[in-house]
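So you know, we letter chains A, B, ... as the sequences are listed, proteins then strands, and number each from 1.
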There are 2 protein chains.
Amino acid sequence: MTRRSGNQALIDRLERADIRPSAQRVAIAGYVLSTADHPSADDVWQRVKVDFPMVSRATVYNTLQLFTEHGLLRQLVLAEGKVVFDPMVEPHHHFVDDETGAIEDIPWSALRVGKVDELEGVDVREYMVVVRGRRRRP
Amino acid sequence: MTRRSGNQALIDRLERADIRPSAQRVAIAGYVLSTADHPSADDVWQRVKVDFPMVSRATVYNTLQLFTEHGLLRQLVLAEGKVVFDPMVEPHHHFVDDETGAIEDIPWSALRVGKVDELEGVDVREYMVVVRGRRRRP
DNA sequence: GCCGATATTTAGACATAGTCTAACTGCGCC
DNA sequence: GGCGCAGTTAGACTATGTCTAAATATCGGC
Ligand SMILES: [Mn+2]
Ligand SMILES: [Mn+2]
Ligand SMILES: [Zn+2]
Ligand SMILES: [Zn+2]
């Protein structure tokens with residue numbers, strides 16, 4: 001299965017991450033590596049199927065796992081029953097809307113967290129602030 | 001179904017929270033309201049069944065939900081595939097051990113978070129720092 | 001270009017957390 | 001004692017995620 005391109009940048013990105021750019025992987029990457037949403041695996045599957053109806057659920061799950069292992073995505077667990085994927089792999093914080101469940105990024109510099117290095121007896125790998133509440137009506 | 005007591009304090013606590021203290025609810029409360037763990041619903045079920053073998057899974061789920069609605073517990077989602085319950089309802093932060101999955105409380109005063117009130121366009125209900133890493137070998 | 005080896009994809013079975021339903025139990029009140 | 005209701009129960013059902021075994025695509029050597 002080959003794909004007419006415009007996808008060269010995406011293919012390069014996968015190859016730089018040591019991932020063979022199969023058609024399915026490029027299709028999945030095309031959505032998930034550039035979204036500002038924080039989609040679940042099934043969200044990604046639904047979206048990719050629009051352009052690529054034959055892609056299987058297993059392939060989407062496997063591919064998201066692969067991208068995560070190769071540092072292109074992060075997995076987040078912020079709400080019940082759903083792992084979501086985040087293409088912003090640099091440290092940042094998150095806001096979770098109580099009403100809609102939407103997850104939004106908060107830039108690292110927008111909040112200030114102190115004294116993490118004073119925690120006793122732990123080697124910290126990462127940390128983030130999770131803010132919950134409501135987006136204000138405009 | 002009646003239960004020999006020593007449970008009067010627990011019964012009072014449920015009644016103060018406007019919850020009728022059935023035998024099942026008292027048994028569940030006896031574990032979940034005083035644990036330092038952050039147990040899942042099925043963890044609670046397994047534990048309560050030791051002393052109370054006939055309790056059903058639905059009752060445990062319903063009761064934990066009820067306790068949460070009445071402010072005796074909080075639900076946390078910090079790792080995949082499992083909602084956990086936390087009897088410490090005051091604001092605090094959490095450490096998640098990458099190796100064991102164990103969740104530990106970090107007192108509110110142990111970390112310092114600034115600029116949350118400067119976030120634009122959101123009404124903040126709560127926030128916490130989630131720290132991930134490894135507990136250091138002693 | 002063909003061929004065997006390897007990597008990837010696929011459908012569907014399986015596992016598990018959580019929800020829902022409909023029947024049953026037991027207590028409070030007449 | 002019988003009625004009504006809150007609470008409990010077993011089990012069916014749903015949804016997310018994992019696993020398997022077979023099919024397919026790609027690659028490197030010829
Ligand atoms: Mn979704
Ligand atoms: Mn558990
Ligand atoms: Zn993010
Ligand atoms: Zn806690």
Side-chain angles (χ1 to χ4, degrees), chain A residues 1-3 7 10-11 14-15 17-30 32 38-49 51-70 72-85 101 103, chain B residues 1-3 10-11 14-15 17-30 32 38-49 51-70 72-73 75-85 101 103:
Chain A
M1 220 180 240
T2 322
R3 224 104 224 283
N7 298 16
L10 220 42
I11 290 171
L14 295 184
E15 286 180 336
D18 262 315
I19 294 171
R20 283 177 51 178
S22 71
Q24 287 88 336
R25 287 171 180 175
V26 173
I28 293 166
V32 82
H38 293 74
S40 70
D42 276 354
D43 288 338
V44 175
W45 188 36
Q46 294 308 322
R47 179 63 100 91
V48 171
K49 271 198 294 190
D51 295 320
F52 207 141
M54 298 315 298
V55 74
S56 80
R57 199 157 162 273
T59 294
V60 172
Y61 275 80
N62 290 341
T63 298
L64 293 171
Q65 188 59 42
L66 184 73
F67 287 2
T68 302
E69 284 162 5
H70 288 247
L72 299 180
L73 291 177
R74 274 208 289 179
Q75 289 189 334
L76 301 178
V77 184
L78 293 173
E80 198 207 299
K82 215 159 257 181
V83 173
V84 300
F85 292 88
I103 297 166
Chain B
M1 222 179 238
T2 323
R3 228 98 229 280
L10 220 42
I11 290 171
L14 294 184
E15 286 179 337
D18 262 316
I19 295 171
R20 283 180 49 180
S22 71
Q24 287 89 335
R25 287 171 179 174
V26 173
I28 292 166
V32 80
H38 293 75
S40 70
D42 277 353
D43 288 338
V44 175
W45 188 34
Q46 295 308 323
R47 179 63 100 93
V48 171
K49 272 198 294 191
D51 296 319
F52 206 141
M54 298 314 298
V55 73
S56 80
R57 199 155 164 272
T59 295
V60 172
Y61 275 79
N62 289 342
T63 299
L64 293 171
Q65 188 59 41
L66 184 73
F67 287 2
T68 302
E69 285 162 5
H70 287 246
L72 300 180
L73 291 177
Q75 289 190 333
L76 300 179
V77 184
L78 293 173
E80 197 207 301
K82 216 157 256 182
V83 172
V84 300
F85 293 87
I103 297 166

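- The side chain of A/Met54 has C/dA11 as its nearest neighbour among D/dA10, C/dT9, C/dA11.
- Atom CH2 of B/Trp45 is separated from atom C1' of C/dT19 by 14 Å (rounded to the nearest Å).
- The one candidate from B/Val32, B/Val83, B/Thr59 that meets the side chain to side chain contact (heavy atoms under 4.5 Å, CB included) condition with B/Leu64 is B/Val32.
- In this structure, A/Gln46 places its CD atom 12 Å from P of D/dA15, rounding to the nearest Å.
- Here the P atom of nucleotide D/dG7 and the CG atom of B/Leu14 are 12 Å apart, to the nearest Å.
- The shortest distance between the side-chain N/O atoms of A/Gln24 and the OP1/OP2 oxygens of C/dT10 is below 4.0 Å.
- Atom pair A/Ile11:CD1 and D/dT26:P shows a separation of 12 Å (rounding to whole Å applied).
- Computed from coordinates, the A/Asp43 CG to D/dT16 C1' distance equals 12 Å when rounded to whole Å.
- Among the atoms of the strands shown, base atoms are found under 4.0 Å from some heavy atom of A/Thr59.
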Which is it for B/Asp43 and B/Ser40 under the side chain to side chain donor-acceptor pair (under 3.5 Å) test, yes or no, and what are the steps along the way? CA-CA 5 Å; B/Asp43 288 338; B/Ser40 70; 3.1 Å; yes
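- The CD1 atom of A/Ile19 sits 15 Å away from the P atom of C/dA7 (whole-angstrom rounding).
- The nearest whole Å value for the distance from the CG atom in A/Asp18 to the C1' atom in C/dA7 is 14 Å.
- Checking the phosphate oxygens (OP1, OP2) of C/dA7, no side-chain nitrogen or oxygen of A/Ser22 falls inside 4.0 Å.
- Ion pairing between A/Arg57 and A/Asp42 holds under the 4.0 Å rule for side-chain N and carboxylate O.
- Heavy atoms from other residues, nucleotides or ligands lying under 6.0 Å from CZ of A/Arg25 number more than 12.
- Side chains of A/Leu66 and A/Leu72 form no contact here, defined as non-hydrogen atoms less than 4.5 Å apart.
- Distance from the side chain of A/Arg20 is smallest for D/dC27 among the nucleotides C/dT10, D/dC27, D/dG7.
- Every salt bridge (Lys or Arg N to Asp or Glu O under 4.0 Å) that A/Arg74 has, sequence neighbours left out, goes to A/Glu126.
- A 4.5 Å side-chain heavy-atom check between A/Phe85 and A/Leu76 finds every atom pair outside the cut-off.
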Letter by letter from the 5' end, nucleotides 17-24 of chain D scores (B base, S sugar-phosphate only, - none; protein heavy atoms under 4.0 Å) BBB-----
